[in-house]
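As structure tokens, the structure follows; a few thoughts come after it.
Chain letters run A, B, ... following the sequence lines, proteins first and then strands; every chain starts at 1.
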2 protein chains.
Amino acid sequence: MEKLKILVVDDESRMRKLVKDFLVRNNYDVIEAENGEQALDIFFETKGIALVILDIMMPRVDGWQVCREIRQYSDVPIIMLTAKGDEKDELLGFELGVDEYISKPFSPKILVARVEAVLRRTAGIDEEVIEIGGISLDKAAHQLKIDDVPIDLSYKEFELLTYFVVNNGVALSREKILNNVWNYDYFGDARTIDTHVKKLRSKMGEKGKYIKTIWGLGYKFEVD
Amino acid sequence: MEKLKILVVDDESRMRKLVKDFLVRNNYDVIEAENGEQALDIFFETKGIALVILDIMMPRVDGWQVCREIRQYSDVPIIMLTAKGDEKDELLGFELGVDEYISKPFSPKILVARVEAVLRRTAGIDEEVIEIGGISLDKAAHQLKIDDVPIDLSYKEFELLTYFVVNNGVALSREKILNNVWNYDYFGDARTIDTHVKKLRSKMGEKGKYIKTIWGLGYKFEVD
DNA sequence: AATATCTATGACGAATTTGTGAATTACACT
DNA sequence: AGTGTAATTCACAAATTCGTCATAGATATT
């Protein structure tokens with residue numbers, strides 16, 4: 001998965017650096033803006049910003065103003081940096097559609113925890129679909145689509161294919177497959193995997209060849 | 001629209017009364033519990049609780065424990081009442097899936113604002129009429145129409161069909177269906193779902209096929 | 001090239017799951 | 001209590017899946 005982009009807006013460079021450091025260390029991609037105008041410019045010119053962290057207190061165009069403008073066009077989650085315990089701020093913020101608050105001063109852990117909570121709440125909802133090489137696996141619907149054509153799989157077939165796709169490019173021994181797709185208490189014939197692979201390949205048509213046989217070992221899913 | 005039910009859990013009756021008053025004044029229906037066990041009993045016996053407000057500090061079964069137990073079966077939004085500025089609490093809470101915090105002491109406005117923010121975030125699907133593929137479900141009137149022809153359903157049938165439609169395209173296990181359409185304390189035969197599905201399908205005529213069987217898993221509502 | 005080992009495939013049947021009609025129970029309203 | 005409706009359970013039929021096996025084919029090793 002790609003890194004998520006977070007736009008950090010604060011007029012104090014010291015504060016920006018602080019926030020950025022924590023986030024970068026947690027594998028986010030951070031873009032900085034040092035005032036409101038710049039923030040809006042960057043936001044509307046940059047695609048795929050997953051979250052905006054806004055300081056309220058900024059000269060000329062303050063955090064509220066930035067928030068309002070963004071909200072006219074976007075539902076991107078917004079976290080506000082606020083002075084400790086200012087209730088009026090929080091109330092205004094909820095009306096403007098702010099997702100979360102962080103009071104200064106804050107600890108790195110709180111920062112990261114709230115960022116992740118917000119992202120989980122917003123983006124996390126439908127991360128249930130895996131797509132690769134024209135193959136789409138919708139875990140929620142338990143549905144395979146190949147080039148947007150729905151293809152019915154049995155329960156086991158779906159589980160097996162999901163396991164293959166999640167481990168894209170990794171060679172999997174039969175034992176490993178049994179332990180992960182079957183219950184641990186299954187002690188039957190490992191050859192049953194072959195049979196399921198056969199069915200998968202035939203149901204998947206042209207794309208069936210993505211399930212590769214590794215002689216003497218097992219199988220590997222790989223898109224050319 | 002009906003009043004939303006909020007479960008308030010706190011061992012101090014003074015605090016419960018305080019919270020209740022604010023919420024009642026804002027047109028919520030408040031249920032009280034004075035300890036963790038009672039909270040869990042009430043929660044799992046009462047249908048349609050839209051939000052739980054939990055005090056962390058309670059004797060015997062504390063707020064965390066209650067939160068954990070609820071989260072095993074339900075995604076109901078949870079707000080925690082916490083002592084001011086306790087970071088460790090917040091961090092633990094995010095892991096447990098807490099939606100929001102309110103530090104004591106708090107003002108009525110903050111309380112109501114956060115409650116509404118959380119409900120707005122989660123309760124999103126609250127339309128009166130759901131329409132999809134020629135099927136129209138009027139929640140208020142408890143009436144199904146198929147191609148504008150009214151069709152009478154029993155209470156359970158309507159609830160079940162609503163649950164299917166709201167989760168359009170999502171595979172639902174029998175267990176999940178039981179937990180959401182039946183009360184949490186129903187421990188009867190899951191096959192009763194089959195019977196209701198049968199009746200639904202037959203009453204829905206041609207559109208009955210939208211309720212699909214997922215062999216070895218459960219059911220899925222999906223319009224082709 | 002011969003041999004041994006591993007994999008692919010089609011067919012079959014046991015086991016499991018689901019569909020369905022009928023019987024039973026629960027429950028509200030007279 | 002009696003009636004009628006809805007909800008649940010039950011029993012059996014129908015459908016589907018899963019694993020095994022036998023055989024054919026493929027790959028590596030000598």
| remark: Separation between CG (Leu54(B)) and CH2 (Trp64(B)), nearest 0.5 Å, reads 9.0 Å

| task | Find out whether Cys67(A) and Val98(A) are in side-chain contact, i.e. whether some heavy atom of one side chain is under 4.5 Å from a heavy atom of the other. | result | yes

| message | Using OP1 and OP2 only, check whether a side-chain N or O of Tyr155(A) sits under 4.0 Å from dT18(C). | response | no

| Salt-bridge present (Lys145(B), Asp148(B); N to O < 4.0 Å) | no

| query | Side chain of Asp189(B): nearest nucleotide among dT5(C), dA8(C), dT9(D)? | reply | dT9(D)

| Under 4.0 angstrom between Thr192(B) side-chain N/O and dT8(D) OP1 or OP2 | yes

| query | How long is the gap from CG on Leu178(A) to CG on Leu160(A), to the nearest 0.5 Å? | reply | 10.0 Å

| query | If you find the nucleotide of DNA chain C closest to Gly216(B) and the one closest to Trp215(A), which residue's nucleotide is nearer the 5' end? | reply | Trp215(A)

| request: Round to the nearest Å and state the distance from Glu157(B) atom CD to dT5(D) atom P. | output: 14 Å

| task | Tell me whether the OP1 or OP2 atom of dG19(D) has a side-chain N or O from Trp182(A) closer than 4.0 Å. | result | yes

| Hey, does Leu160(A) reach any base, or is it just sugar-phosphate, or nothing, if we go heavy atoms under 4.0 Å? | nothing

| Between Val9(B) and Val66(B), is any pair of side-chain heavy atoms under 4.5 Å apart? | no

| Interatomic distance where CG belongs to Leu172(B) and P belongs to dT18(C) [whole Å] | 13 Å

| request: Looking at every strand, decide which applies to Tyr219(B) at a 4.0 Å heavy-atom threshold: base, sugar-phosphate, or nothing. | output: sugar-phosphate

| query | If an axis is fit to five pairs at each end of the helix from dA1(C)-dT30(D) to dT30(C)-dA1(D), what is the angle between the two, to the nearest 10°? | reply | 40°

| query | About how many Å separate CZ of Arg191(B) and CG of Asp194(B), when rounded to the nearest 0.5 Å? | reply | 4.0 Å

| note | d(Leu153(B) CG, Leu144(B) CG) to nearest 0.5 Å is 5.0 Å

| Whole-Å distance separating the CD1 atom of Ile193(B) from the P atom of dT20(C) | 16 Å

| Between OG of Ser154(B) and NE2 of His196(B), what distance do you get to the nearest 0.5 Å? | 5.0 Å

| request: State whether Lys203(A) and Asp152(A) are salt-bridged, where the test is any N-O pair (Lys NZ or Arg NE/NH1/NH2 against Asp/Glu carboxylate O) under 4.0 Å. | output: no

| request: Kindly say if Arg174(B) contacts the phosphate of dT17(C), meaning a side-chain N or O under 4.0 Å from OP1 or OP2. | output: no

Filtered N/O pairs between nucleotides 28-30 of chain C and protein, under 3.5 Å:
none

| note | Taken to the nearest whole Å, NZ/Lys209(B) to P/dT18(C) is 22 Å

| query | With a non-hydrogen cut-off below 4.0 angstrom, is Leu153(B) in contact with a base, only sugar-phosphate, or nothing? | reply | nothing

| message | Without decimals, in angstroms, what is the distance between Met204(B) CE and dG19(C) C1'? | response | 17 Å

| said: Treating Thr46(B) as the side-chain partner and Ile42(B) as the backbone partner, does any N or O pair qualify as donor plus acceptor under 3.5 Å? | reply: yes

| message | Regarding Arg201(B) and Thr213(B), do their side chains bring together a donor and an acceptor under 3.5 Å, going by distance alone? | response | yes

| query | Quick one, which residues of residues 194-203 of chain A touch DNA chain D with a heavy atom under 4.0 Å? | reply | Thr195(A), His196(A)

| remark: Whole-Å distance, Lys212(A) NZ to dA26(D) C1', equals 18 Å

| In whole angstrom, what separates Ile214(B)'s CD1 from dG19(C)'s P? | 11 Å

| message | For His142(A) and Trp215(B), I'd like to know if the aromatic rings sit close, meaning centre-to-centre distance below 6.0 Å. | response | no

| query | Using a cut-off of less than 4.0 Å, is there contact between a side-chain N or O of Thr213(B) and OP1 or OP2 of dT17(C)? | reply | no

| said: How long is the straight-line distance from CG of Leu172(B) back to CD1 of Ile214(B), given to the nearest 0.5 Å? | reply: 7.5 Å

| request: Rounded to the nearest angstrom, tell me the gap between atom CG in Asp152(B) and atom P in dG4(D). | output: 19 Å

| Under 4.0 Å between a side-chain N/O of Arg191(A) and OP1 or OP2 of dT7(C), yes or no? | yes

